[in-house]
Amino acid sequence: MDVYAAGVMFFEMATLTWPVQPKPGDNSPLAWRHAHLLTPPSDLRVARPDLPQELVQLILLMLQKDPARRPQLWSTVIERLKRKSASVAGLPDVSTLVQKATATLVQTTAQEAKDREERERQAERRALLEQAFREPVDVLRTVVDTFNEASEVGKLTMTQSGPLSAEVKPSRSGARLLLSGEIIPDLGARPNGVYRIIGMARIEPTPSATSTEQLYRARDSFGSFNLAYRVSRVTERFGNWMLFRFEHNPLTGRTGYPRWFALDLHEFPRQLQLLNALGMYQHEKRGLDDEWYKLLLTQLL
């Protein structure tokens, strides 16, 4: 038996209940594991206010989530159990100080457990969203692989520099297609759900018009598009991808090249909340597929 397990047993002997319990209705091994890893132990002083504070401290130390903060030797535990109280030993009465230290330990333990649970939640959220970003990456990879297999001239090379970025380069050009994503705090955009990842697929360098005539007549010119991953409700863990491309609203009198473009990632979240409002941009959207990827890749070849 390790020190933590002994602390659980001591707690049960003192209170006839468990120091941690899973959420109601979930008695699975995983739920118990989560409770032991992340849930702070119940306040022993509530169930047994008559226990010596020194014993309460010892049990709390044995129940610390971090093994380094528990007693490292069984001899330490045994010595603490055998130790006489200050009043019995004829030493100054420090019971008030011990009570204060015990209360501080309880508060610190609870806060640390709360912080640890939040870190675990954020780590799990990030892992799920990084996995979700594989979907648009895989669609792009399929297009690249299919092209390379079918083409005898001109090949494309795709690489990933991280879980939220990918790059496609041609063999004979300095341009490249960049796909990047950014995990964001939950962004509610009624009635479109809750967005958790935003991204962009773009050609670098950005295509530019070679003449005034091209600027005004190339009405289908295309340089980049945005991606957004959304769930229907905050409680949902899995969602779907939507693709967006923007153009200047004709009412603003602005003309740009390319006509269709992506918004910068610092501007995109706000526009997700204003998609159907009259503003400086108009947009098109579609589900995740390979069509807009192919339009961008044509500019590399």
Student: Looking at residues at least two apart in the chain, or sitting in another chain, which of them share a ring-ring contact (aromatic ring centres under 6.0 Å, His included) with Phe10?
Tutor: none

Student: Could you walk me through whether Arg196 and Ile183 pass the side-chain contact (heavy atoms from CB on, under 4.5 Å) test, one step at a time?
Tutor: CA-CA 6 Å; Arg196 289 180 171 164; Ile183 295 173; 5.9 Å; no

Student: Are the charged groups of Glu167 and Lys169 less than 4.0 angstrom apart, N to O?
Tutor: yes

Student: Give me each pair satisfying side chain to side chain donor-acceptor pair (under 3.5 Å) with a member in residues 132-145, each pair once, sequence neighbours excluded.
Tutor: Arg141-Gln160

Student: Is Phe11 reachable from Leu51 through a run of I, L, V, M, F, W or Y residues, each pair having side-chain heavy atoms under 4.5 Å apart?
Tutor: yes

Student: Do you see a donor-acceptor pair shorter than 3.5 Å between the side chains of Gln282 and Glu247?
Tutor: yes

Student: Please determine if Arg202 forms a cation-pi arrangement with Phe225, meaning its NZ or CZ atom is less than 6.0 Å from the six-membered ring centre and no more than 45° off the ring axis.
Tutor: no

Student: Between the side chains of Arg233 and Glu236, is the shortest nitrogen-to-carboxylate-oxygen separation below 4.0 Å, so that they form an ion pair?
Tutor: yes

Student: Side chains of Gln64 and Thr109: is there a donor and an acceptor less than 3.5 Å apart?
Tutor: yes

Student: Please assess Leu61 against Leu105 for the test side-chain contact (heavy atoms from CB on, under 4.5 Å), listing each intermediate value before the final yes or no.
Tutor: CA-CA 9 Å; Leu61 288 172; Leu105 178 60; 4.2 Å; yes

Student: What residue pairs, at least two apart or across chains, pass ring pair (Phe, Tyr, Trp, His ring centres under 6.0 Å) with a residue in residues 154-200?
Tutor: none

Student: Is Arg270 salt-bridged to Glu267, going by a charged N under 4.0 Å from an acidic O?
Tutor: no

Student: For residues Ile203 and Phe246: do they belong to one hydrophobic cluster (side chain heavy atoms under 4.5 Å, members Ile, Leu, Val, Met, Phe, Trp, Tyr)?
Tutor: no

Student: Tell me, please, which residues at least two apart from Asn27 pass side chain to side chain donor-acceptor pair (under 3.5 Å).
Tutor: Trp32

Student: Can you tell me how far apart CG (Leu296) and CG (Leu177) are? Round to the nearest 0.5 Å.
Tutor: 5.0 Å

Student: Is Asp186 paired with Arg230 through a side-chain N to carboxylate O contact shorter than 4.0 Å?
Tutor: no

Student: Does Phe147 have any ring-ring contact (aromatic ring centres under 6.0 Å, His included) partners at least two apart in sequence or in another chain, and if so, which?
Tutor: none

Student: So which heavy atom on Gln273 is nearest to which on Leu187, and how close?
Tutor: NE2-CD1, 3.3 Å

Student: Can you name the residues that form a side chain to side chain donor-acceptor pair (under 3.5 Å) with Glu118, not counting sequence neighbours?
Tutor: Arg121, Gln122

Student: Hydrophobic cluster membership, with links at side-chain heavy-atom distances under 4.5 Å among I/L/V/M/F/W/Y: are Met242 and Val194 in one?
Tutor: no

Student: So which pairs with a foot in residues 158-194 pass ring pair (Phe, Tyr, Trp, His ring centres under 6.0 Å), sequence neighbours left out?
Tutor: none

Student: Apply side chain to side chain donor-acceptor pair (under 3.5 Å) to Arg119 and list each qualifying residue two or more places apart in sequence or on a separate chain.
Tutor: none

Student: Among Leu265, Asp264, Leu272, Ile198, which residue meets the side-chain contact (heavy atoms from CB on, under 4.5 Å) test with Asn226?
Tutor: Leu265

Student: Any chance you could measure Ser171, atom OG, to Leu156, atom CG, to the nearest 0.5 Å?
Tutor: 7.5 Å

Student: Under the side chain to side chain donor-acceptor pair (under 3.5 Å) test, which residues partner Asp290, sequence neighbours left out?
Tutor: none

Student: Is there a side-chain contact (heavy atoms from CB on, under 4.5 Å) between Arg80 and Gln57? Walk through the geometry before answering.
Tutor: CA-CA 10 Å; Arg80 291 289 297 272; Gln57 281 189 0; 3.8 Å; yes

Student: Just do the salt bridge (charged side-chain N to carboxylate O under 4.0 Å, His left out) check on Arg126 and Glu130 with the steps written out, would you?
Tutor: CA-CA 6 Å; Arg126 184 170 186 85; Glu130 286 180 352; 2.9 Å; yes

Student: Quick one: ring-ring contact (aromatic ring centres under 6.0 Å, His included) partners of Tyr229, sequence neighbours excluded?
Tutor: Trp241

Student: Can you get from Leu263 to Leu275 by hopping between Ile, Leu, Val, Met, Phe, Trp and Tyr side chains that sit under 4.5 Å apart?
Tutor: yes

Student: Among residues two or more places apart or on two chains, list those pairs meeting salt bridge (charged side-chain N to carboxylate O under 4.0 Å, His left out) that have a residue in residues 98-113.
Tutor: Arg69-Glu112

Student: Suppose we screen for side-chain contact (heavy atoms from CB on, under 4.5 Å). Which residues come up paired with Glu152, at least two apart in sequence or across chains?
Tutor: none

